[in-house]
Protein chains: 2
Amino acid sequence: MLTISQLAAYAGVTVRAVRHYHQVGLLPEPARDHSGYRTYGAADVVRLIRIRTLAEAGVPLARVQELLDASPSEFGAAVDQIDAELRAKVRELQEHRRRIAQLAAGDTLAVPAEVVTYLDRLRGAGVSTAMVEGERDAWILMAARWPEQIPEFMAEKNAQLDDPRTLRLYLLIDELNEAGLDDERLGAVADLMVEMNEESARRGDLDRQDGALGDDAFVALLDAFATSAHPMVERLQELMAERGWTGWIKMERA
Amino acid sequence: MLTISQLAAYAGVTVRAVRHYHQVGLLPEPARDHSGYRTYGAADVVRLIRIRTLAEAGVPLARVQELLDASPSEFGAAVDQIDAELRAKVRELQEHRRRIAQLAAGDTLAVPAEVVTYLDRLRGAGVSTAMVEGERDAWILMAARWPEQIPEFMAEKNAQLDDPRTLRLYLLIDELNEAGLDDERLGAVADLMVEMNEESARRGDLDRQDGALGDDAFVALLDAFATSAHPMVERLQELMAERGWTGWIKMERA
DNA sequence: CTTGACCTTGACGCGGCGTCAACCCTGCAC
DNA sequence: GTGCAGGGTTGACGCCGCGTCAAGGTCAAG
């Protein structure tokens with residue numbers, strides 16, 4: 001007669017595992033000796049080994065029972081099914097690996113590739129890290145809301161950046177962020193923005209934007225985000241309002 | 001300002017997940033409105049999306065925090081490590097698949113290939129299913145105790161089976177199992193066993209067996225197993241004892 | 001008699017939430 | 001007013017396969 005640790009040793013499992021199998025009913029509770037110890041025989045070793053064989057092959061414990069007393073054909077079908085489940089898990093993990101491989105650089109985190117390119121262009125042109133991060137976060141939000149439109153949006157953004165005044169705008173705002181709020185230079189920024197908005201309006205860009213950004217609540221959210229990130233935005237909006245323009249992400253004539 | 005379900009919708013996660021992230025400290029608890037509702041802003045959406053991006057790439061939640069504010073080089077190292085862990089998991093699952101693929105037929109379950117061949121030979125020679133299953137279980141035990149020696153043992157077993165008297169022994173015992181205990185024919189079985197034992201002894205097989213089966217407790221276990229499986233074994237042992245032989249699995253001159 | 005190695009039951013922990021339960025708030029239709 | 005649907009809140013259990021204490025009782029050896 002065997003004690004639980006001897007049984008476990010013969011089968012190559014832990015004592016705790018044996019007790020677990022008792023608990024879930026996989027292995028019947030054996031008789032006890034005079035002091036309450038469980039006593040096992042050779043048949044228990046056999047059953048335990050067969051359980052382990054299945055468990056180590058990835059069979060969920062809940063299904064081991066049915067497999068142990070299945071006919072060969074049932075057994076084959078069940079094995080096929082379990083193998084299919086294992087395949088699915090493998091695929092899932094492979095997908096994880098694929099994704100994690102794409103997370104090489106910091107920016108790539110949650111940002112589509114087009115946006116990364118755009119952000120790199122900004123950085124390369126001398127725009128500050130803080131500003132680029134703000135842009136990145138804004139585009140994370142955009143990509144969450146309109147994943148399909150991102151290539152479209154980025155094409156337009158890149159086109160805007162071809163106009164040297166756009167870059168000048170970014171750099172001016174960067175400077176002001178460092179230097180502190182200076183109403184005279186802010187005024188110049190606002191003037192520049194108005195000038196470019198007028199041109200956009202003439203080209204009809206604003207109308208197209210109206211269609212694309214058709215979720216007022218979300219636009220409000222983005223505006224609030226911009227305001228909280230850069231206090232200067234609020235002041236700029238006031239100056240723009242004086243010049244007849246409201247909004248921020250989506251600019252409109254008052 | 002967003003409610004928790006709006007936040008969750010923007011990031012493409014469940015409300016429960018958001019609350020879980022609060023609980024584990026991944027996402028800071030936001031301010032509450034007058035009725036206790038959580039209120040979120042755009043920055044929370046951004047953070048939540050970045051968390052999801054990592055989580056969906058297979059990063060354990062416990063490590064998401066450190067990855068979110070890691071430098072690019074730290075990030076790269078961590079990503080490498082996580083990828084290694086994912087690879088390990090994949091390998092493990094593949095191993096499971098390999099094993100389960102081997103579990104095609106019933107006998108294969110926990111029995112080495114050599115034994116399967118031997119059992120098939122017995123079955124093919126007309127030995128009963130019950131007897132073959134008993135043999136199988138005994139060999140499961142043997143393989144657990146002496147995995148290395150199994151090929152050796154099976155070679156010997158096969159050699160024994162080349163002697164037609166061995167098969168006759170199996171078939172006789174099968175018959176007696178069905179017909180009930182009949183001392184006269186049992187006597188004939190015992191005589192045959194003695195005869196073969198004597199020959200084994202002359203060839204020196206018994207001495208080699210002594211060396212191989214050097215674990216008395218385990219031999220006792222196997223004997224007990226045989227006895228409990230077939231009540232006839234006990235009677236046979238008595239008859240063998242009268243003829244000067246003791247033991248069962250490991251036979252010795254009294 | 002002590003020690004150390006075993007046995008017993010009971011309970012928590014892990015990972016990432018899903019899924020009740022039991023209750024409160026809000027806005028709208030009647 | 002009242003009722004109802006559809007939000008929100010905290011709290012707790014469940015999953016899976018055990019690992020790992022905790023707090024004892026038992027056994028064989030020195």
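Not measured: the values here are computed from a predicted model. Chain naming here is simple, since letters A, B, ... match the order of the sequence lines and numbering starts at 1 in each. Worth knowing before you read on, the calculation uses all heavy atoms, side chains too, and leaves out hydrogens, waters and symmetry mates.
Closest-nucleotide positions on DNA chain D for Val18(A) and Thr3(B) were compared, and the one nearer the 5' end corresponds to Thr3(B). Of the residues near DNA chain D, Glu29(B) and Gln23(A), the one whose nearest nucleotide (by heavy atom distance) lies more toward the 5' end is Glu29(B).
Rounded to 10°, the angle separating the first-five-pair axis and the last-five-pair axis of the helix from dC1(C)-dG30(D) to dC30(C)-dG1(D) equals 40°.
Computed from coordinates, the Leu61(B) CG to dC17(C) P distance equals 5 Å when rounded to whole Å. Atom CG in Leu2(A) sits roughly 15 Å away from atom P in dC6(C) (whole-Å rounding). One interatomic measurement links the two molecules: CG of Leu7(A) to C1' of dC7(C), which rounds to 14 Å at whole-angstrom precision.
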B/S/- along nucleotides 20-28 of chain C (protein heavy atoms under 4.0 Å) is -----BS--

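If you check the side chains of Tyr40(A) and Arg47(A), you find no donor sitting under 3.5 Å from an acceptor.
Counting non-hydrogen atoms under 4.0 angstrom, Arg63(A) reaches nothing in the nucleic acid. Contacts of Arg38(A) with the nucleic acid, taken as non-hydrogen atoms under 4.0 Å apart, involve only primed sugar atoms and P, OP1 or OP2.
Within the 4.5 Å cutoff, the side chain of Tyr10(A) has heavy atoms near those of the Leu221(B) side chain. Using a 4.5 Å heavy-atom cutoff, the side chains of Leu222(B) and Trp248(B) are not in contact. Thr117(B) has its side chain out of reach of Met154(B): every pair of non-hydrogen atoms, C-beta onward, lies at least 4.5 Å apart.
Salt-bridge check for Asp223(A) with Lys250(A): failed, with every basic side-chain N at 4.0 Å or more from each acidic carboxylate O. Salt bridge status for Arg91(A) with Glu95(A): absent, with no side-chain N to carboxylate O gap under 4.0 Å. Salt bridge Glu66(A)/Arg63(A): present, at least one basic N to carboxylate O contact under 4.0 Å.
You can see that DNA chain D meets the heavy atoms of chain A within a 4.0 Å-exclusive cut from dG17(D) to dC27(D), reading 5' to 3'.
Note: Thr129(B) OG1 to Arg136(B) CZ = 10.5 Å, rounded to the nearest 0.5 Å.
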Decide yes or no on side chain to side chain contact (heavy atoms under 4.5 Å, CB included) for Val24(B) and His20(B), but give the supporting numbers first. CA-CA 6 Å; Val24(B) 298; His20(B) 183 64; 3.9 Å; yes

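Crowding of Met1(B) atom CE: a count of heavy atoms from other residues, nucleotides or ligands under 6.0 Å not exceeding 12.
Using a 30° and 60° split on the angle between ring planes, Phe153(B) and Trp139(B) fall in the tilted class, from 30° to 60°.
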